[in-house]
Amino acid sequence: MMKRSFVGKPTWWRPATTEIQISPIREFVIRCSNHDIHGAISAMDILQTLHIRADPLVYSSLIKSCIEARDIHSGRRVHRHLFDSDGNIPATFLINQVLGMYVRFQRVEEARQVFDVMPEKNVVSWTTMISAYTNMKRGRMGLELFVMMGRSGVMPNMYTFSSVLRASDGLETVSMIHCPIVKVGLDSDVFVRSSLIDVYAKWGDLQSGFYVFDEMPTRDLVVWNSIISGYAQDGNGHVALDLYSKMRRAGFPANQGALTSVLRACTGLTLLEMGRQVHTHSIKFLTDLILNNALLDMYCKCGSSEDATCLFDRMVEKDIISWSTMISGLAQNGRNVEALELFDRMPLKPNYITMVGVLFACSHAGLVEKGWRHFNSISNPGREHYGCMVDLLGRAGKLDDAVKFIKEMNCEKDVVIWKSLLSSCRVHKDVELAGIVGRRILELNPDEEGAHILLSNTYADSQQWEKVREVRWEMKARGVKKEPGCSWIEVGNRIETFIVGGSSTRTHQEMESVSKEVVRLIDRVTNEGGYIPDTSFVLHDVEVEQKKESLKYHSEKLAVAFGLMMLGKDKDIRVIKNLRICGDCHNFVKLVAMVERRKIVIRDAVRFHHFQHGVCSCGDYW
DNA sequence: ATAGGGTTAG
């Protein structure tokens, strides 16, 4: 009798590859993967011991489930399965899915390892890696991969371009990427366009960004917001607001992103009333963290820390930006102690920016000891932190300590640091040190306007008119111009601007009545508040009467007078000034707030002054 | 299977 001989395993035990035989298991795996990943993977283990290769859909479904369940361990098991089963190389699209999974789990290096050994990389593989790197702020690597991709002969698509644009490190790179986009006609894609607009704006070429925007046949909300936020961030709030209303007229609804950009524009322009209006539109998005943070910042920077506090207390979710915004916002509004208390209550780890706000609060509250303690708690202090400390020591009159600190500090001694010291020299009338520091600044940057002014002011304080003339002459020779004092106030839906001695938005006649109001106020505070003009703030060597005359027309006085004339009794007067408020105006406004029984808020170049009942929130320490 | 915009200091 012939014996039947078997070679290897019996035929019925052969790896089954047909759809019919595996389909029950496949269905089991897919069904499991929705609620029980471990069970599903165990089923895969069984398949493997049976030498049954699951079909791609099974893997695809499993990977998706792992991502959804945020289960990286199971993800790794599926990954191993994919490559272990009998040496076959998985389909590229499956490996791409594995890449995507690791990227989602923030494991770019793991993704990279898989990517590097992929035999066939397609557009998706490359794009997944490039966008992973750009999202992790590793743009350099993203660009490198983009170049490698080109060399490997794979054509980028719109997905690739919109990702790689965000990795660009300067205008040169942007235009280098822009060229091929135009060449292959991918600039019609809205994603590519919004990336282009954003990245042009980011590197300071808003004009090119606007050009990309302007020639678009079809736009969507994101494209609109890209250009709006570009202008808002560039400090061009008026253009941003104008574009926003155009967007609304074009029929687009205001979503979170758009409202956030509009708020930023309001913040930049210090438009509190408009900001409030935006707030009412924002209640639809009550829980949007970014929008809330923008609102906090708007209220703080528009001088209403009360509104900011109220919103902050109601916010369900707060991140480090919310806390940092509130801390420095309170400090900018003279609520330094509260700022520091808030910092003590903060449940999150402070970052670089948080500590800038904390030190700012210490320096404006004159808390030297506390400032030192906080400074020493920073593990890796940077330029801004050193700057705050110089400010802190200088303001407190510890000029020697400030000099010592600068000498010993482990960071570049730039113009900002020296300017901070120079302004302390002026406050504490140290003419000698001012001369040295001023010269130092002008060596670093001969066209530094602020240093010239500070220096000449310091000399003027101590009546060294010869030196004042010297500095003024040097400014003239260098063509350095003093920025004229300028104040503005929001009345109705308009902004009224006042420059020294006049107005840029009112007629001559209207100015006459504003001047009359200033005179009336001066009389009133002189009689009822004992106001004496402090002519030491007039910096030219002229007769006393002439000095008094010139003080009258400081822009902040005009703006305050205008506000009192135009706004209802129940409204606070809110004025913004481009330079620092002068000492005479500071005293004057304190008295006006008292005799007129009004709350007056002036934001100068550095911070807010809240005047009420004859005192200022800064405690005259500024 | 891969893509775009919005928030804190200076």
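Atoms considered below: every heavy atom in the structure, side chains included; atoms not considered: hydrogens, waters and symmetry mates. Order of the sequence lines sets the chain letters (A, B, ...), proteins ahead of strands, with each chain counted from 1.
Within residues 194-214 of chain A, the residues that place at least one heavy atom under 4.0 Å from DNA chain B are, in residue-number order, S194(A), S195(A), D198(A). For DNA chain B, the neighbouring residues in residues 299-324 of chain A, judged by any heavy atom under 4.0 Å, are K301(A), I321(A), S324(A). Non-hydrogen atoms lying under 4.0 Å from DNA chain B are contributed by N255(A), Q256(A), G257(A), A258(A), all within residues 250-259 of chain A.
Residues satisfying the side chain to side chain contact (heavy atoms under 4.5 Å, CB included) test with I130(A), not counting sequence neighbours, are L145(A), F146(A), M149(A), T160(A), S163(A), V164(A). The side chain to side chain contact (heavy atoms under 4.5 Å, CB included) check on S420(A) picks up V390(A), D391(A), with sequence neighbours excluded. With sequence neighbours excluded, no residue forms a ring pair (Phe, Tyr, Trp, His ring centres under 6.0 Å) with Y231(A). Residues meeting the side chain to side chain contact (heavy atoms under 4.5 Å, CB included) test with V427(A), sequence neighbours left out: none.
R383(A) comes within 4.0 angstrom of no nucleic acid atom, judged by non-hydrogen atoms across all strands. Nucleic acid contact class of Y352(A) (heavy atoms, under 4.0 Å, all strands): base. Residue contacts shown for V223(A) include a base, since a base heavy atom lies under 4.0 Å away. Backbone-only engagement by R166(A) is indicated by non-hydrogen atom pairs under 4.0 Å involving sugar-phosphate atoms exclusively. Note on S162(A): a base of the nucleic acid sits closer than 4.0 angstrom, heavy atoms only. Looking at heavy-atom distances under 4.0 Å, V190(A) makes contact with a base. Using a 4.0 Å heavy-atom cutoff across all strands shown, L291(A) reaches at least one base atom of the nucleic acid. Among the heavy atoms of the strands lying under 4.0 Å from D288(A) is at least one base atom, whether or not backbone atoms are also near.
Residue pairs meeting the side-chain hydrogen bond (donor to acceptor under 3.5 Å, both in side chains) criterion with at least one partner in residues 136-154 of chain A, sequence neighbours excluded, are E109(A)-R138(A). The list of ring-ring contact (aromatic ring centres under 6.0 Å, His included) pairs with a residue in residues 121-144 of chain A, not counting sequence neighbours, reads F115(A)-W126(A).
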May I have the list of side-chain donor-acceptor pairs in residues 278-285 of chain A shorter than 3.5 Å, sequence neighbours left out?
| from | atom 1 | to | atom 2 | distance (Å) |
| --- | --- | --- | --- | --- |
| H279(A) | ND1 | Y299(A) | OH | 2.7 |
| T280(A) | OG1 | Q277(A) | O | 2.5 |
| S282(A) | OG | V278(A) | O | 2.7 |

Only pairs under 3.5 Å count here: list side-chain donor-acceptor contacts from residues 251-260 of chain A, not counting sequence neighbours, and write none if there are none.
| from | atom 1 | to | atom 2 | distance (Å) |
| --- | --- | --- | --- | --- |
| N255(A) | OD1 | G257(A) | N | 3.3 |
| N255(A) | OD1 | A258(A) | N | 3.0 |
| T260(A) | OG1 | Q256(A) | O | 2.6 |

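In summary, contact between chain A and DNA chain B, defined as any nucleotide atom under 4.0 Å from a heavy atom of the protein, begins and ends at dA1(B) to dG10(B) in the 5' to 3' direction.
N225(A) and S261(A) share a donor-acceptor pair across their side chains, judged by distance under 3.5 Å alone. Side chains of S305(A) and R335(A): a donor on one and an acceptor on the other come within 3.5 Å. For the 3.5 Å distance criterion, the side chains of S168(A) and T173(A) fail to qualify, holding no donor opposite an acceptor.
Remark: side-chain polar atoms of N333(A) are paired, donor with acceptor, to backbone N or O of G329(A) under 3.5 angstrom.
Geometric assessment of R219(A) against the ring of F213(A) yields a positive cation-pi assignment under the 6.0 Å and 45° thresholds.
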